[in-house]
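For ligands, and for the atoms within them, numbers begin at 1 and follow the listed sequence. The first residue of the sequence shown is numbered 1, and numbering continues consecutively from there.
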Amino acid sequence: MAVTQPQRSCVACRTVTEKHQLLRFVLAPDGQVVVDYRQQLPGRGLYTCFNQQCLVLAVKKNSFRRVFGATTQPVELVKLNGQLQQALIQRIKGLILMARKAGQLIAGSTMVLDALKRPAPPVAVVMATDIADNMKQKIDSTAKRQQIVCTQLFDKVSLGQLLGKEERSVVAIQGGALATLLNSELHRYELVREN
Ligand SMILES: [Zn+2]
């Protein structure tokens with residue numbers, strides 16, 4: 001049974017798709033264009049695909065001003081990408097905390113490494129940017145055998161702080177809806193980070 005989700009079109013390439021697949025932007029009262037990552041801010045929204053080509057094209061075509069009107073301040077791609085990166089980091093932190101609450105989080109290199117060797121391994125893995133090289137290689141290669149992608153994000157201290165603990169090199173989430181969501185946000189983060 002397919003539930004119909006609201007559809008929107010990308011201002012750059014005109015592709016029509018479910019609005020949650022797209023990025024939403026709104027105009028703040030001061031005339032600045034802001035990323036509405038959770039799609040909850042009031043007011044008229046402008047949508048683009050989640051890729052740089054469409055974002056660049058929307059800026060180039062002056063789409064923001066066309067949609068939001070003459071009070072719109074000039075849009076800087078670097079700023080939008082910065083906002084987007086921040087929004088993704090908040091979202092990723094939120095999902096990691098939700099997974100912990102749900103009892104689906106595994107933290108620490110030994111625990112994660114053990115879990116990755118099990119028949120039903122965790123499917124989302126976040127490694128600290130300053131994880132020791134030998135541990136990174138061990139986790140990477142074990143995860144690869146299970147066809148799991150590992151993302152490097154946060155340093156050990158931040159990852160630990162997030163969980164109210166001492167530093168942590170790696171966290172992983174057991175398979176399920178949260179892990180699927182986290183992987184999709186991590187993939188988006190990688191796309192934005194490249195810019
Ligand atoms: Zn597009």
CE of Met111: more than 12 outside heavy atoms within 6.0 angstrom? no

Using salt bridge (Lys or Arg N to Asp or Glu O under 4.0 Å) as the criterion, list what pairs up with Arg24, not counting sequence neighbours. Asp36

Near the Zn ion (ligand 1), meaning under 2.8 Å, the protein N/O/S atoms are Cys10 SG, Cys13 SG, Cys49 SG, Cys54 SG

Taking the side chain as every heavy atom from C-beta outward, state whether Asp30 and Gln73 have any atom pair closer than 4.5 Å. no

With a cut-off of 6.0 Å (strictly less than), are more than 12 heavy atoms of other residues, nucleotides or ligands near NZ of Lys61? yes

How would you list all residue pairs meeting ring pair (Phe, Tyr, Trp, His ring centres under 6.0 Å) that involve residues 34-62, not counting sequence neighbours? none

Listed pairs under 3.5 Å, donor-acceptor, residues 112-130 side chains, sequence neighbours left out:
unit_1: Thr129; atom_1: OG1; unit_2: Phe154; atom_2: O; d: 3.3
unit_1: Asp130; atom_1: OD1; unit_2: Lys156; atom_2: N; d: 2.8

